[in-house]
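The structure appears right after this line, and notes come after that.
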Amino acid sequence: MTALATILCGGAVAGHQRSRRRAAPSLHVRGGSASDAAHLVCGRKLRPALFPASSFGTLPLSSPGSRKLLRTSASAAAPSSDSQGQAKPIGFLERYPALVTGFFFFMWYFLNVIFNILNKKIFDYFPYPYFVSVTHLSVGVLYCLISWSTGLLKRAPMNSTLLKLLLPVAICHAIGHVTSTVSFAAVSVSFAHTIKALEPFFNAAASQFILGQQVPFTLWLSLAPVVIGVSVASLTELSFNWTGFINAMISNISFTYRSIYSKKAMTDMDSTNLYAYISIIALIVCIPPALIIEGPQLVQHGFKDAIAKVGLTKLVSNIFLAGLFYHLYNQVATNTLQRVAPLTHAVGNVLKRVFVIGFSIIIFGNKITTQTGIGTGIAISGVALYSVIKAKIEEEKKEGVAAVAP
């Protein structure tokens, strides 16, 4: 565990040092299923920083387009010198950057797969997604409160102006997370992720028709396979039900509006504190619906039935671990984004969805029809094409701005 923490911490610091050498963009309040402290909106996910920003300075909320994958300068390759001119040994992180980045990708996929599997198994004996979603957020809030109380993170002050900016972001985050959890409880994990592949379509539609930003025709064309694939998969999905489908669609729309409000909420507060406040607000928003919708059932027989099936210890530990893995996989996803180019991260995010779908089918033994498999493949391919085209367009825009800058 010590070695693991050393690699993660070193990777976070190295990624931050590289980002400091570039021109940092404005702070905006992404993996989606988004972020939580270092990239409050990182494409589609709300993701947290792996370590509090106070440990190594303030992290930018979006990575510069000029970032290149694993570019090592000559100065980094040569041994550094101290004030007396004596060479310092090169550390493991500087010597093997590709290995460290590969480790981040592995942990990102591993934690995400474990979360999805553990979360789905909980619903076999505890079918209360509103309460489970509350526990997910509670673990993240607990993490932030402990960081504040121990001094690991210095709490940033909150005022009414900032609260008004963050409130719509947190509400959309809460709705998106709850509806995602309801969808995962109602249908198979593989089908829920297939529906959530439509999220880029809603993002493009919002940019075009709500924000007034022109979306290139090539991007719209790349989204056609996504819509077609999801439609084909839905027609013959064995686990299909309207509760799961509608909630997954509401989740897509909520995360899209979260991105819109996040662009309007600009602040100089560090990303870790921002995510802490958003998580607290989102938790407060999620508690009343959970109590109203599932509270009476939980009190009457929900907890008793679950304890009778698996025992109190397993029930509590599994719910807590699901929340912990939810928090950790978002953290590692953020650190991975800081180490690689946006294009590489976009492709990695698509491959992550493929891994989750594949492992869920294997673990749960989900039976899928040939048509569902073909539809899922078409949808994922469309998301991959969209991600590649969008990342290239963004990089070209930033390179053009840098070229004309004095």
Side-chain angles (χ1 to χ4, degrees), residues 1 4 31-33 36 45-48 106-146 174 176-193 196 239 243-244 247-248 251 279 282-283 286-287 289-291 293-333 352-353 355-366:
M1 291 299 294
L4 174 62
S33 283
D36 290 359
K45 291 289 183 183
L46 209 61
R47 297 175 179 151
F106 169 77
M107 291 303 298
W108 178 19
Y109 290 7
F110 173 76
L111 292 170
N112 194 283
V113 168
I114 294 299
F115 162 72
N116 278 275
I117 292 174
L118 183 59
N119 198 51
K120 183 63 176 178
K121 285 186 174 181
I122 289 174
F123 295 129
D124 291 338
Y125 53 84
F126 193 70
Y128 300 98
Y130 286 87
F131 181 81
V132 171
S133 63
V134 167
T135 62
H136 292 164
L137 294 172
S138 298
V139 172
V141 170
L142 180 63
Y143 170 85
C144 298
L145 292 177
I146 292 176
H177 179 59
V178 170
T179 51
S180 289
T181 307
V182 172
S183 177
F184 285 128
V187 298
S188 66
V189 174
S190 58
F191 183 55
H193 275 278
K196 288 181 69 62
S239 70
T243 299
N247 275 276
S251 172
S279 296
L283 177 60
C286 289
I287 289 177
L291 293 177
I293 297 174
E294 297 178 343
Q297 301 176 54
L298 288 171
V299 173
Q300 292 176 7
H301 57 81
F303 288 116
K304 293 179 180 179
D305 292 346
I307 294 173
K309 291 179 180 179
V310 298
L312 178 61
T313 301
K314 185 175 181 179
L315 174 63
V316 174
S317 61
N318 283 357
I319 291 178
F320 177 80
L321 287 174
L324 183 62
F325 280 117
Y326 169 77
H327 193 76
L328 289 178
Y329 96 74
N330 281 294
Q331 291 177 330
V332 175
K352 178 214 70 177
R353 197 177 294 278
F355 267 82
V356 172
I357 291 175
F359 273 99
S360 67
I361 292 175
I362 295 173
I363 296 298
F364 296 109
N366 297 335

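Taken to the nearest 0.5 Å, the CZ atom of Phe320 stands 14.0 Å off from the CG atom of Leu315. The line from CG of Leu324 to CD1 of Ile319 is 14.0 Å long, rounded to the nearest 0.5 Å. Distance CG/Leu321 to CZ/Phe325: 6.0 Å, rounded to 0.5 Å. Once rounded to the nearest 0.5 Å, the distance linking NE2 of His327 with CG of Leu137 reads 10.5 Å.
For Asn116 (side chain) and Asn112 (main-chain N/O), a donor-acceptor pair under 3.5 Å exists by modelled atom type. Remark: the backbone N or O of Asn247 is not paired with any side-chain donor or acceptor of Ser251 at under 3.5 angstrom.
Using cut-offs of 30° and 60° on the angle between ring planes, the pair Phe303 and Phe126 is tilted.
Annotation: side-chain hydrogen bond (donor to acceptor under 3.5 Å, both in side chains) contacts involving residues 293-303, sequence neighbours excluded, comprise His301-Asp305. The side-chain hydrogen bond (donor to acceptor under 3.5 Å, both in side chains) contacts involving residues 120-132 comprise Tyr125-Asn318, where partners must be two or more places apart or lie in separate chains.
Residues Tyr329 and Phe110 place their aromatic rings such that the two centres sit no closer than 6.0 Å.
A search for side-chain contact (heavy atoms from CB on, under 4.5 Å) contacts involving Ser188 returns Ser190, Phe191, Glu237, Ser239, Asn366, not counting sequence neighbours.
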Could you give me the CA-CA distance, side-chain angles and deciding distance for Thr135 and Val139, then say whether side chain to side chain contact (heavy atoms under 4.5 Å, CB included) is met?
CA-CA 6 Å; Thr135 62; Val139 172; 5.6 Å; no
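Between Ser183 and Gly244, the shortest heavy-atom contact is OG-O, 2.9 Å. The heavy-atom pair separating Thr243 from Ala186 by the smallest distance is CG2-CB, 4.2 Å. Residues Ser180 and Gly176 share a closest heavy-atom pair of OG-O, 2.9 Å. The two atoms that bring Ala322 and Leu118 nearest to each other are N-CD2, 3.6 Å, heavy atoms only. In this structure, Thr181 and Ser133 approach most closely via the heavy-atom pair OG1-CB, 3.7 Å.
Between Phe115 and Leu328, every side-chain heavy-atom pair lies at or beyond the 4.5 Å cut-off. The closest side-chain heavy-atom distance from Val178 to Pro289 is not below 4.5 Å.
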